[in-house]
Asker: 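Next up is a structure, given as structure tokens.
Quick note: numbers below take in every heavy atom, side chains included, and nothing from hydrogens, waters or symmetry partners. Order of the sequence lines sets the chain letters (A, B, ...), proteins ahead of strands, with each chain counted from 1.
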Number of protein chains: 2
Amino acid sequence: MAKKKISITDIAKDLNVSITTVSFILNKKAKGKISEEVIKKVEDYVKKVGYKPNQLAQGLRTGKSNIIVFMVEDISDAFFSSIARLMEEKSYQNGYKLIFCSTENDPDKTRDLIQMFKDRQVDGYIITPPDGFEKDIKSLADDGHPLVLFDRYFADLDVSHVVINNQESTFLSLKHMIEGGFRNIGFVTLESGQSQMVDRLEGYDRAVSLYGLSNYTLRINFKDFKTLKAYNIIEDFLDENPNLDGLFFATNYLAKSGLRVLKNRNITIPDQVGVMSFDDNEVFELYTPQISCLSQPIESIAEKLMEIMLKQLKNTNSNGHIIHSELPGNLVIRQSSFKN
Amino acid sequence: MAKKKISITDIAKDLNVSITTVSFILNKKAKGKISEEVIKKVEDYVKKVGYKPNQLAQGLRTGKSNIIVFMVEDISDAFFSSIARLMEEKSYQNGYKLIFCSTENDPDKTRDLIQMFKDRQVDGYIITPPDGFEKDIKSLADDGHPLVLFDRYFADLDVSHVVINNQESTFLSLKHMIEGGFRNIGFVTLESGQSQMVDRLEGYDRAVSLYGLSNYTLRINFKDFKTLKAYNIIEDFLDENPNLDGLFFATNYLAKSGLRVLKNRNITIPDQVGVMSFDDNEVFELYTPQISCLSQPIESIAEKLMEIMLKQLKNTNSNGHIIHSELPGNLVIRQSSFKN
DNA sequence: CTGAAAGCGCTTACAG
DNA sequence: CTGAAAGCGCTTACAG
């Protein structure tokens with residue numbers, strides 16, 4: 001068993017003061033109430049014995065757990081795990097623990113998880129909500145839980161969120177490809193009503209119609225990635241549209257599936273087909289040729305998320321702090337997106 | 001604010017029984033003590049109102065937090081984040097929360113983190129310990145904290161661990177390359193006394209000496225990856241050993257750095273230089289040519305880790321359950337490791 | 001078969 | 001300037 005830990009009562013006893021006094025000093029509420037010498041005596045002693053308050057007891061008393069939960073689509077995805085790593089550090093710096101989980105875009109699983117976190121009095125929620133999760137998010141917000149959505153959001157809901165400018169970012173990527181000489185660019189996306197996917201599609205539609213080009217869109221169900229069926233769906237798409245000379249993938253895992261297809265078919269990039277993807281990924285830099293992409297500002301996203309979350313955590317009852325943050329994406333031009 | 005939650009006292013009051021009775025029923029300690037009808041009444045009511053015990057109060061009373069911490073080298077590394085994802089699911093299934101953090105192989109940072117987790121009464125520790133962390137691990141174990149090491153361990157310490165057979169796995173990989181026709185194979189590893197790195201090096205040494213080949217070893221400092229200096233170090237290694245016709249990388253990020261170098265220098269794989277890596281990675285499958293590797297059994301590792309952790313969590317005071325688990329690796333042969 | 005009560009380690013309104 | 005006491009929501013030894 002772990003060594004018995006010292007408690008506030010022990011300190012009070014050892015120093016012949018009341019636990020009230022010790023508690024006030026510990027919580028910096030001693031100014032003007034407790035004499036300087038007692039403050040000093042207690043502080044020195046606390047430092048000497050290395051006392052740390054029991055968070056469970058504090059939590060029980062104050063109703064706070066100091067836990068923030070970070071619910072993403074899939075924690076093993078590079079985009080999400082990179083942000084998780086940054087969030088983890090920022091949480092600890094601010095005295096919070098970060099726990100995380102993967103929703104797999106499954107509303108039922110996500111609902112169960114949220115219920116569990118409520119039961120365990122998690123203080124704050126950072127969520128990439130699945131499709132059709134609007135009501136659940138609304139009730140979480142209505143209950144007054146600190147809450148920030150990211151990567152996607154619900155336009156009808158007055159809930160804080162951090163996203164990037166998906167529409168404009170996709171538009172700029174397509175513009176780059178079109179100006180690079182590609183005329184029949186297919187857009188490979190998810191069968192999803194999530195805002196970020198809708199916005200990306202709109203960016204594509206806008207670019208294609210602005211330049212008077214044909215529209216080729218493929219929507220794949222998220223679940224088909226588990227079964228690798230996505231691979232065959234992309235193959236069929238290529239077969240049905242033999243005149244395609246470019247492909248834009250709306251997420252990094254879509255791009256990876258697509259690259260597998262192109263690779264196995266020995267289709268040369270960019271000569272036969274130009275390629276770009278949303279999200280950067282290690283694979284893209286090491287691929288031959290290197291794949292251009294629209295990269296999300298990981299560091300800024302994490303920073304903004306934590307900033308908004310902390311603001312909510314501090315003033316528990318006011319929900320007058322709804323913040324909608326939209327960050328710009330970065331066009332990363334490598335070799336796959338323009339003709340030589 | 002969140003809706004006020006129902007407590008055990010509310011239930012007792014509503015049902016005209018004592019909280020003792022309710023508690024016994026909730027904790028399945030009612031058999032033979034409480035009448036069947038009261039049990040039924042309470043259970044039905046609990047289900048109806050959806051009561052869930054307050055974990056903070058339970059924790060304060062029992063001294064348990066139901067939190068397991070998963071401390072890895074770097075949570076954004078694909079190997080670690082894949083295992084994290086599996087561990088996360090298994091934890092929830094068993095009623096535990098999983099929190100995680102990255103040690104960055106820094107003993108000081110790791111020490112601070114552990115101190116923090118102790119202060120917050122985390123129940124169990126799963127750790128990839130950095131170099132020189134033996135004493136800290138020993139004292140954690142001596143204090144009686146449930147503890148499992150993984151990926152690496154300390155031979156002198158009687159602490160449970162889950163690793164793979166690094167020596168034999170590396171030996172088999174090298175054997176495969178040598179039989180594939182490579183004669184001057186360089187071994188690129190970390191400057192590290194961690195057991196897994198030592199074992200991998202031994203596997204290399206054994207293979208090379210068995211076949212009477214020359215030994216070319218490069219050790220890189222972990223910190224040089226942050227500054228990208230690793231890239232230049234690998235370049236120098238190639239310059240100094242122009243007769244190398246093969247490279248084995250002891251981790252996946254070493255391999256990625258190495259592939260960047262080979263790619264930029266237009267060195268063809270496997271004709272000019274054969275390549276293999278420890279750990280599988282998405283990049284390897286999508287690289288041209290596809291990179292062979294020694295893949296770790298992610299699923300089995302996660303399963304074993306959770307099994308051992310749960311065993312320790314159940315019998316708190318007995319440390320008679322030290323388990324040393326060594327799993328086999330899988331040779332994944334693709335295109336980079338044999339001459340045509 | 002059931003309940004009153006102590007106690008886990010804190011915070012804070014109230015009293016002096 | 002300082003302290004006694006209630007209470008957060010549980011578990012469990014003890015009593016009946």
Asker: How many Å lie between CD1 on B:Ile19 and P on D:dA13, as a whole number?
Answerer: 15 Å
Asker: Answer yes or no: is there an ion pair linking B:Lys28 with B:Glu43, defined by an N-O contact shorter than 4.0 Å?
Answerer: yes
Asker: Take the protein atom CG of B:Leu60 and the nucleotide atom C1' of D:dC8, then report the distance between them rounded to whole Å.
Answerer: 9 Å
Asker: A:Asn105 and A:Gln194: side-chain donor and acceptor closer than 3.5 Å?
Answerer: yes
Asker: I'd like to know if A:Glu307 pairs up with A:Lys90 as an ion pair, taking the criterion as any Lys NZ or Arg NE/NH1/NH2 lying under 4.0 Å from an Asp or Glu carboxylate oxygen.
Answerer: no
Asker: Nearest whole angstrom, please: distance from the C1' of D:dG9 to the CD of A:Gln121.
Answerer: 10 Å
Asker: Do B:Phe150 and B:Phe70 pass the ring pair (Phe, Tyr, Trp, His ring centres under 6.0 Å) test, and can you show the C-alpha distance, the side-chain angles, and the key distance before you say yes or no?
Answerer: CA-CA 10 Å; B:Phe150 94 103; B:Phe70 188 61; 5.6 Å; yes
Asker: When you check the gap from the basic side-chain N to the acidic O, do B:Lys138 and B:Asp142 get nearer than 4.0 Å?
Answerer: yes
Asker: What is the separation between atom CZ on A:Phe24 and atom C1' on D:dA4, rounded to the nearest whole Å?
Answerer: 12 Å
Asker: Regarding B:Glu73 and A:Arg85, does a basic nitrogen lie under 4.0 Å from an acidic carboxylate oxygen?
Answerer: no
Asker: Name the closest nucleotide to the A:Arg61 side chain, picking from C:dG3, D:dC8, D:dA4.
Answerer: D:dC8
Asker: For A:Thr20 and for B:Thr20, find the nucleotide of DNA chain C with the closest heavy atom, then tell me which residue's nucleotide is more 5'.
Answerer: B:Thr20
Asker: What's the CD-P distance between B:Glu36 and C:dT2, to the nearest Å?
Answerer: 10 Å
Asker: Starting the side chain at C-beta, find the nucleotide from D:dG3, D:dT11, C:dG3 nearest to B:Thr21.
Answerer: C:dG3
Asker: Check DNA chain C against residues 91-99 of chain B and give the residues with a non-hydrogen atom under 4.0 Å, in numerical order.
Answerer: none
Asker: For D:dG16, which nucleotide in any strand shown is its Watson-Crick or wobble partner with both distances under 3.5 Å?
Answerer: C:dC1
Asker: Figure out the CG/P separation between B:Asn66 and D:dT11, and round it to whole Å.
Answerer: 11 Å
Asker: Does A:Ser23 place a side-chain N or O at less than 4.0 Å from the phosphate oxygens OP1/OP2 of C:dT12?
Answerer: no
Asker: Listed in order of residue number, which residues of residues 49-59 of chain A have a non-hydrogen atom at under 4.0 Å from DNA chain C?
Answerer: A:Tyr51, A:Pro53, A:Asn54, A:Ala57, A:Gln58
Asker: To the nearest Å, give me how far apart CD1 (B:Ile34) and C1' (D:dT11) are.
Answerer: 14 Å
Asker: Cut-off 3.5 Å, side chains only: do A:Tyr96 and A:Asp123 have a donor facing an acceptor?
Answerer: no
Asker: What I'd like to find out is whether the side chain of A:Leu313 reaches to under 4.5 Å of the side chain of A:Ile68, using heavy atoms alone.
Answerer: yes
Asker: Look at the rings of A:Phe117 and A:Tyr125 and say which category their plane angle falls in: under 30° parallel, 30 to 60° tilted, over 60° perpendicular.
Answerer: perpendicular
Asker: Would you say B:Ser18 places a side-chain N or O within less than 4.0 Å of OP1 or OP2 belonging to C:dG3?
Answerer: yes
Asker: Could A:Arg111 and A:Asp108 be called an ion pair, given the rule that one side-chain N must be under 4.0 Å from one carboxylate O?
Answerer: yes
Asker: Counting only side-chain heavy atoms from C-beta out, which of D:dC10, C:dA13, C:dT11 sits nearest to A:Ile8?
Answerer: C:dT11
Asker: Using a heavy-atom cut-off of under 4.0 Å over every strand shown, decide if B:Ser35 touches base, sugar-phosphate, or nothing.
Answerer: sugar-phosphate
Asker: When you measure from the side-chain N and O atoms of A:Ser7 to the phosphate of C:dG9, is any distance below 4.0 Å, counting only OP1 and OP2?
Answerer: no
Asker: Between D:dG3, C:dT2, D:dG9, which nucleotide has the shortest distance from any of its atoms to the side chain of B:Val38?
Answerer: C:dT2
Asker: Quickly work out the B:Leu15 CG to C:dT2 P distance and round it to whole Å.
Answerer: 12 Å
